[in-house]
Amino acid sequence: MIRKIGILTSGGDSPGMNAAIRAVTRCALGNGIEVYGIQDGYRGLVEDRMRPFKKGDVSDILSRGGTILGSARLPEFKDEAVQDKACAILKQREIDALVVIGGDGSYRGAKSLTDKGINCIGLPGTIDNDIPGTDQTIGFDTALHTVVEAVDKLRDTSSSHHRCSVVEVMGNHCGDLAVYSGLSCGAEIVVSPETGYDEEDILDRLRYLDNLGKNHAIVVISEKICDVEALARKISASTGFSGRATVLGHIQRGGSPTPNDRVLASLMGEKAVDLLVAGVGGHCVGIKENEIVSFAIDEALAMPKSSRKHLYRLFDRLV
Ligand code: ADP
Ligand code: F6P
């Protein structure tokens, strides 16, 4: 029987984390469970920084980006001694269980705590959409909207100046933000970890488009693939377009969550509480084929990521 739970956000923040905090808090309180909001992820946990949450503490946060709890990275949380300290603090406060909102790294921390006797449930909070066990993560939809809005604007100015805009998007080794935004914006080229990087091929394609008479081009490229400023210079030097690079950066992490992210986060928050009430720990929540589901964290992290081949195929057909 669960009497008190903690909730924390960990790793990179994402729009919709607040909606998840609100849903977990309100569903738990509705079940007669006390809730503690833990500041700054695992760092705040091992420093014993937390406070009780009442219904009003999560009012007016549904539409706000970021996380009211703050987020942090604590690499030392991989050490058992640090995890033991976290467990001791939770036990001393009589907190029986934890909801951890974050990415796969945060899930690993949640699994370790569960193995040490504190049931934890992970919720997928990241704009990268790179977590196995779910078709969509909390924040991806909002970040995609942000990218699409930016690329649409870049298209306006690029087409006025016969330019090629090279737009770097986040994703941390996952190409979903790139391919979904490429499809949404009608980009000319998408480069991601899934496509690989072939500079000559990109330049050839741009020369071909220029010869066809196109007055602009958009290249959406995932971060951590190449130096986009250098690529833009090469485009200027060896195609008919003048190249300009735009790194969208952390703008993609902010902003009011879309309705889709708010609803997804609320459904997942509800599921986390239901699992804990049922005595389940060491699970993470996902959405698969429109159903809210959960998997053991180990099982989820071992799952292959869903193939995006059909999206790249469609992109090639439409371009
Ligand atoms: P994300 O959760 O978004 O993947 P990180 O990989 O930075 O982000 O992980 C967030 C935090 O989770 C880390 O700073 C650390 O505190 C904790 N963490 C990451 N990996 C592990 C691990 N293997 N064991 C325990 N805790 C971990
Ligand atoms: O995981 C979310 C993310 O925004 C990635 O897309 C990006 O690679 C990374 O975090 C940036 O991390 P930081 O905020 O520490 O610069």
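Residue numbers count from 1 along this sequence. Just so you know, ligand 1 is whichever comes first in the structure, and atom 1 is the first atom listed for that ligand. Everything quoted here is computed from the prediction, not taken from an experiment.
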**Asked** For ligand 2, which atoms, with element, lie under 4.0 Å from some heavy atom of Lys224?
**Response** 8 (O)

**Item:** Nearest-neighbour protein heavy atom for atom 8 (O) of ligand 2, which is reported as residue plus atom name and distance
**Value:** Glu223 OE2, 2.6 Å

**atom 13 (P) of ligand 2: nearest protein contact (heavy atom, Å)** = His250 NE2, 3.6 Å

Contacts under 3.5 angstrom, residues 228-237 side chains, donor-acceptor by atom type, not counting sequence neighbours:
unit_1: Lys234; atom_1: NZ; unit_2: Glu199; atom_2: OE2; d: 2.9
unit_1: Ser236; atom_1: OG; unit_2: Ala232; atom_2: O; d: 3.3
unit_1: Ser236; atom_1: OG; unit_2: Gly243; atom_2: N; d: 2.8

**Message:** Could you check whether any side-chain N or O of Arg244 sits under 3.5 Å from a backbone N or O of Val166, counting only pairs where one atom can act as donor and the other as acceptor?
**Reply:** no

**Request:** Tell me yes or no: between the side chains of Ser158 and Ser165, is some donor less than 3.5 Å from an acceptor?
**Result:** yes

**Request:** For Gly171 and ligand 2, answer yes if some heavy atom of the residue is under 4.0 Å from a ligand atom, otherwise no.
**Result:** yes

**Request:** Using a strict 4.0 Å cut-off to heavy atoms of Met170, name the atoms of ligand 2 that fall inside it.
**Result:** 4 (O), 6 (O)

**Full working for ring-ring contact (aromatic ring centres under 6.0 Å, His included) between Phe241 and His162** = CA-CA 6 Å; Phe241 294 109; His162 198 70; 4.7 Å; yes

**Asked** Side chains of Asp261 and Thr142: do they bring a donor and an acceptor to under 3.5 Å?
**Response** yes

**Asked** Is the shortest side-chain N to carboxylate O distance from Asp96 to Lys4 below 4.0 Å?
**Response** no

**Message:** With a 4.5 Å cut-off on side-chain heavy atoms, are Val151 and Val147 touching?
**Reply:** yes

**Request:** Taking the side chain as every heavy atom from C-beta outward, state whether Arg26 and Val58 have any pair of such atoms under 4.5 Å apart.
**Result:** yes

**Message:** If the criterion is any heavy atom closer than 4.0 Å to an atom of ligand 1, which residues make the list?
**Reply:** Ser10, Gly11, Gly12, Tyr42, Arg73, Leu74, Pro75, Phe77, Lys78, Gln83, Gly103, Asp104, Gly105, Ser106, Arg108, Gly109

**Request:** Give the residue and atom name of whichever protein heavy atom lies nearest to atom 11 (C) of ligand 2, and the separation in Å to one decimal.
**Result:** Arg253 NH1, 3.7 Å

**Message:** What protein heavy atom lies closest to atom 6 (O) of ligand 2? Include the residue and the distance to one decimal.
**Reply:** Asp128 OD1, 2.6 Å

**Item:** Nearest neighbour in protein (non-hydrogen) for atom 15 (O) of ligand 2
**Value:** Arg73 NH1, 2.8 Å

**Asked** Is a salt bridge present between Asp130 and Lys305, judged by a nitrogen-to-oxygen distance below 4.0 Å?
**Response** no

**Asked** Going by an N to O cut-off under 4.0 Å, is there a salt bridge joining Lys111 and Asp115?
**Response** yes

